[in-house]
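Written out below as structure tokens is the structure these notes cover.
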Amino acid sequence: MEAAIGAANWLVGNVLNKLSDELVAAYVASSELGLNSEQIKTRLKYMQGLLHAAQDRDVSSNPGLQSLLEDLSKKADEAEDALDELHYFMIQDQLDGTHEAAPELGDGLSGLSLHGRHAARHTIGNWLPCFSCSRTQDDVPSAAVVISNPHNATKSGSGHDGGHVDKLSFDRVAMSNKIKSVMEVMNSICGPVSDLLKIENHSSTATSTTGTLKRPPTGSVVSQDKLYGRRVIFEQTVSVLTDSTDLGETLSILPFVGPGGMGKTTFTQHLYNDKRVEERFTVRVWVCVSTDFDVLNLTREILRCIPAIENEEHKCTAETANLDQLQKSIAERLKSKRFLIVLDDIWKFSSESDWKNLLAPFTKGETKGSMVLVTTRFPSIAQMVKTTDPVELHGLEPDDFFKFFEACIFGHSKPVHYEDDLIDVARDIVKKLKGSPLAANTVGRLLRKNISREYWIGVLEKNEWKNAKNNDDIMPSLKISYDCLPFLLKKCFSYFSLFPEDYKFYNLEITSFWTAIGIIDSSCQNDNNYLEELVDNGFLMKGVDRYDNQYYVMHDLLHELSQSVSSQECVNISSLNFIADNIPQSIRHLSITTIDIYDESFEEEMGKLKRMIDVANLRSLMIFGLHGATIANIFKHTFEEIKGLRVLIIAMNTLESLPNNFSNLFHLQFLQIRSHYRLKEMTLPSTLSRFYHLKFLDLNGWSGSKKLPKDISRLVNLRHFLSSKELHSSIPEVGKMKCLHELKEFHVKKEGVGFELRELGELAVLGGELRVWLELVWSTEHQTINDDVLDGLQPHPNIRVIGIINPGVAPCPRWLCGDISIKGLEDLHLEGVSWGTLPAFEQLPHLNSLTLKNIAGMCVFGPGFSGVTERSFMHLKKIEFENMPELEKWFGGCPLLILFPFLEFSDQFTNLCSLQIENCPKLSQFPSMPHTSTITNIRVRNGGSKLLYDGKELIIEGYTRDLAFHNMDKVEVMKIRDVSHILFSDLQKLNSLGSIQFEKCDGMLSAEIVDSVVIHSVQNLLIGRLCITGELFSKFLRCFPALSQLTISNCESLELVPVEDGGLSGLEMLQSFTVYNCGKLLSGWPMGEVGGGAQVIKPFPTSLRELTTDSSMQSMGPFSNLTSLTILTLRKCKELTMDGFNPLIIVNLKKLTVNALYREQEKMSIAGDLLSEIARSNLMHAGSFQLEEFEVDSISAVLTGPICSHLAASLHTLKFSSDQRAKIFTEEQEQALQLLTSLKHLEFGYCYNLQSLPQGLRGLSSLKTLVIFCCDKMQCLPPKEGLPASLEMLGVRWCCPELEEQARKLRESDPWFSII
């Protein structure tokens, strides 16, 4: 009953809001309707008051009242739609200067005449296409909105030319009849409802339907400083983790299992952050699994959390890489490290193989004692994944739980009256919560809001507690918090159910959504921060994205609660196998989360859904995720009758993928359109400009044409336009959009109308609390000479960012160079101005970014110039000066700059963090940089010299000034080239340094300096073009005892000394070695070793896992002790022999590359020789090869039966590169290829003489990707039916025109078949 009263109250309020518009009210009161609008409003206000009072009293359920309230809500909904439709045509009148929807014309007689004319048209035009906002078929005829061009208007509106579109015509008779009918019915219902509401009844007991419990996206940061209870089991678990090598396993899995809300995550967070655990594990990763156990997505997330290593062989982009690349990269990064992985809140697996697949890269490590911690509520999952006995967590013991509950309410300070007045109530509440920490947190936040006995007793006595199905059920606890929310917050919360789990809610987006569906009145949208209120009530949590933008995220359990409480109104379809019969017919808001997989049952169920629900009067339709043309067509058919939408989120997959009725959605207020990144030419719907009610337009996900409809400025109610700068700058006549809050960029254009500066003067609400980027750009060929153009632009006082570029010779405007009217300015960019006077910077106390470029005549900038005082730049964070040829004092791109008085005035720049200096050849006085640790961005360039610093990375190239290394202790990566004045010992001050690259830095190194330096933090070292002795080089390497990656290139004279510690064998932690163009490196090691017997010395340590080499190596002998290699790359190695080859080095190989770059006439094959040696060994038995990726320069060497049969189980990537000899595939090679049943990626590159692809490609049932590039003589692709059904991507690059044309046609036949 309470929900019905609240809904009726809310909808009646919406009708009153519509009637508050003077023109709408006048129309309702006009003689043609014969209604008394004031009497109607009075009756509705009285009804609203009774509903509000009844809601406060929590009246009991009454079947008759329930039915009448539903009727009232329905009619209020219809009335709101009718008045909204009327308002639409009034806006259209205002835009076009017409009076079609005017309440009165002149003396009133013309209004009657207009009504008569509409009546005649209505009589003869009932057959014309029309809109109807009516809820039932037996209502009065709808406001039959006649279309000027019915054929075009009913199309989806994806016009190609962006031109003007036909407007909708107004049927006055239908509108009048509709409004009159619905108002009269509402009026008739108000009487009996009012009478019944006056009767006070007892409270009714509501029932709660709970769904599946779910967990939030969690992190490793502990939100609760103290762990209450469980100390014994906690210490036992710490011992297991810190003594994990005693388990004798490389990897162990320890599950934590227990009912939902019992604190498994919190317990694991405390373990994760325990100092003993931190010291034990080199790498720690926390991942929230939640309900979607997607191996690929989870692997991507894990990879993002593992620190990258320099010179990765498997370096990949987590967002785009396939599973194999991701797993190899993870294995590479974790290879020699002891790690702890937490997989929080696992719900299910598709199969046990999914779990093993996810775990695969973690089992390849070399260090014992790594751990995976799993939290789950399902004992079956714990039993399946465990390698050691699970830890079971149940409710807290009563005493511990009560202490925790008190802490949830009060923190560390209880009120004085607590012991006397509240403790007994608190104990009664605790009994209801059954030891659940999550329930304690939720109810604790609720009680904290009102520390009074009366309020607490009210919470205790909520009837949902009595109906909890299980003693440990958390949903009743969560529902209590929901029930205590004000009605509007309940509505806000309930609509979260439409969004996918773990969705990140940004304030602007969700607030605009609430406004569109009528929860928030747009006139007072900023009066309440509902998101913060929901945070305060424990329904949302805050987060910050990588761009430092705040977002909100909802706990999974609470998302389930939102679905439960809104189930009669809102539905989210998140599975292809949903059942339409389970969806209530009453839904008004529908969202669908899709994946691009077609299922016939999905089409059938969507057909049922269309017949079951009132599609025409859906208020929200939100489609998330990617989907192809087949599913797009299903959606188009299902939703072809939509008319009443306020919110639409949709993807355009083709030009015709929008619903047929898209162009007629005149109620629309919130629109988000996405498109696939490949559909660059697809245009926006031309009818977009017809949505006069639209307040929020999101095109951030639009990848198509950047051309807007020409009359887009007719969106006069648009407040927020989220899109690229390019689209913002393409709005003609933007001044008509007076409600616009943000304009990223505006370009003054001479072509056409609507891009004059005066357009900006009409945008009075730009800015406010929003950060506005306003850039005025003139081309150098068309600069203004009109003095008053800039002066006439008076920005809003709240504008924060201004850029003025190339305005010509016009003087500085008075609003900027006189009495500054934009004193809140934070960012100022002036470029190409010729002003004699610059702004008075002392009037800009909040300025934090200043950019001055190409300003002629400016010689001095500093205290005493142009109003600059010692206090002018206290907040300045970024300074950039560039290309001011006459500037002699200060800094910037200034060829004549001779003095940098930075130290003298450094106390004025306490917040400066970014400094950019370019092309200053005469700069003489310059401090050591960075002069303070607050500066984290430096860019100094002068000819071939440069200094680049971003806080984490330092690049020095030919730079001769002093450096303050003590202010750069956070530097992780350092690149030094052509530098000699830096002391090698100074690098010890960089405590975080992990990677160094030296090139042409011989002068930094001497035997005396090197002997005294040890840098423990460096793990990655790159050396290029060094001319030093082998003895000094060996000493140099000993400065880096923790080195794990070493790259040497272009050191043509460098020779490793063939003595103990003369090679690399002393680097016991070395994992990866790469060498290029160092022909003499092992010239002293002719047989790959020196000495003999027990004294034999090898050049490489046995720890090596990855080796990449070229012609620097002459034989396989130096590798003979590297039996732990997982990656071996041999390039440009024509002279390499098999002398000293040890077959054991291939046992653990995962990736092998052999590419000698032979010419066509050369008959040798290193790959053939290598595979022959392997074949002759005793290792050619099933399972002997673990090779997963093979790149080779010889097709004939690989495609043989014996080789392919042993590669079949593991090989998933095969790349044929630079085979100049292969022309066609023999029958034997075709047969051998079919043996590679695990192959997922096949590539042919630089095979210039290859004439065709293998004929049996379709038989490769696992193949996902086929790539062909630089194969000049290949002229024919197989038809699509000749390709494997599993193929997802075909790449054709730099081949003959015929081949590329065939690829293009394949793509056109199905735009969702990925072809690059």
Side-chain angles (χ1 to χ4, degrees), residues 2-3 5-7 9-14 16-17 48 51-52 55-56 80 216 441-442 445-446 448-450 478-545 549-566 569-570 572 588-589 591 619-620 622 646-647 649 669-670 672 695-696 698 719-720 722 739 741-742 768-770:
E2 187 179 356
I5 290 174
N9 190 20
W10 171 48
L11 291 168
V12 168
N14 288 345
L16 282 168
N17 286 336
Q48 191 178 35
L51 289 167
H52 180 76
Q55 184 173 313
D56 291 341
E80 182 189 358
N441 265 314
T442 305
R445 283 189 292 268
L446 175 65
R448 190 165 60 237
K449 295 176 72 66
N450 189 339
L478 300 177
K479 185 66 163 52
I480 293 165
S481 296
Y482 169 80
D483 288 335
C484 290
L485 292 175
F487 178 76
L488 283 183
L489 274 186
K490 286 183 179 179
K491 296 297 290 184
C492 289
F493 170 75
S494 67
Y495 287 106
F496 284 128
S497 64
L498 292 167
F499 295 86
E501 288 181 5
D502 302 333
Y503 190 85
K504 292 179 180 178
F505 299 98
Y506 291 87
N507 193 317
L508 178 59
E509 177 189 25
I510 193 64
T511 302
S512 298
F513 170 78
W514 286 332
T515 302
I517 58 179
I519 295 177
I520 301 176
D521 183 356
S522 59
S523 63
C524 55
Q525 181 173 325
N526 298 320
D527 290 351
N528 297 92
N529 191 330
Y530 294 103
L531 284 167
E532 289 297 328
E533 289 191 50
L534 288 168
V535 170
D536 292 342
N537 283 279
F539 288 90
L540 292 174
M541 296 173 289
K542 294 181 182 179
V544 178
D545 64 18
N549 296 317
Q550 182 174 279
Y551 64 84
Y552 301 81
V553 68
M554 176 171 285
H555 192 296
D556 286 351
L557 290 171
L558 293 166
H559 186 266
E560 182 70 21
L561 177 64
S562 71
Q563 292 180 325
S564 175
V565 299
S566 66
E569 188 180 9
C570 304
N572 171 256
R588 303 292 304 285
H589 306 271
S591 67
R619 289 294 183 103
S620 303
M622 306 157 66
R646 268 64 171 175
V647 174
I649 297 176
Q669 296 189 35
F670 182 111
Q672 181 188 103
K695 294 183 175 68
F696 181 90
D698 184 356
R719 295 172 172 228
H720 305 290
L722 307 187
C739 295
H741 281 52
E742 178 188 34
E769 295 183 1
L770 300 176

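Everything numeric here is computed off the predicted structure, so don't read it as measured data.
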How far apart are the C-alpha atoms of Tyr495 and Ile510, what are their side-chain angles, what is the distance that settles it, and do they pass the side chain to side chain contact (heavy atoms under 4.5 Å, CB included) test? CA-CA 10 Å; Tyr495 287 106; Ile510 193 64; over 6 Å; no
Decide yes or no on side chain to side chain contact (heavy atoms under 4.5 Å, CB included) for Leu508 and Phe696, but give the supporting numbers first. CA-CA 9 Å; Leu508 178 59; Phe696 181 90; 4.1 Å; yes
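With values rounded to the nearest 0.5 angstrom, Phe513 atom CZ is found 13.0 Å from Arg646 atom CZ. Here the SG atom belonging to Cys492 is positioned 8.0 Å from the CG atom belonging to Leu531, to the nearest 0.5 angstrom. In this structure, NZ in Lys504 is found 12.5 Å from CD in Gln550, a value given to the nearest 0.5 Å. Met622 contributes atom CE, which lies 8.5 Å from atom CD of Gln672 (distance to the nearest 0.5 angstrom). Here the CD-NZ distance, from Gln669 to Lys695, works out to 3.5 Å after rounding to the nearest 0.5 Å.
Less than 6.0 angstrom separates the ring centroid of Phe496 from the ring centroid of Trp514. Ring centroids of Phe499 and Phe505 are separated by less than 6.0 Å, placing the two rings close together.
By the side-chain contact (heavy atoms from CB on, under 4.5 Å) test, Ser566 is found to be paired with Ser494, Ser497, Cys570, residues two or more places apart in sequence or in another chain being considered. Evaluation of the side chain to side chain donor-acceptor pair (under 3.5 Å) rule for Ser620 yields His589 as partners, not counting sequence neighbours. In this structure Phe493 satisfies the ring pair (Phe, Tyr, Trp, His ring centres under 6.0 Å) test together with Tyr482, Phe539, sequence neighbours excluded. Contacts of Tyr552 classified as ring pair (Phe, Tyr, Trp, His ring centres under 6.0 Å), with partners at least two apart in sequence or in another chain: none. In this view, Asn507 and Thr511 satisfy the side chain to side chain donor-acceptor pair (under 3.5 Å) rule, not counting sequence neighbours.
Shown here for His720 and Ser512, the closest heavy-atom pair between the two residues is CD2-OG, 3.7 Å. In plain terms, the two heavy atoms of Tyr551 and Asp545 that are nearest each other are CE2-N, 3.5 Å. Heavy-atom minimum distance, Ile517 versus Val647: CG2-CG2, 3.6 Å.
Between the side chain of Ser591 and the backbone N or O of Leu498 there is at least one donor-acceptor pair closer than 3.5 Å. His559 places no side-chain N or O within 3.5 Å of a backbone atom of Tyr503 that could act as its donor or acceptor partner.
The pair Glu569-Lys491 meets the salt-bridge criterion, with a side-chain N (NZ, NE, NH1 or NH2) lying under 4.0 Å from an Asp/Glu carboxylate O.
Residues Leu489 and Leu534 have side chains in contact (heavy-atom distance under 4.5 Å, counting atoms from C-beta outward).
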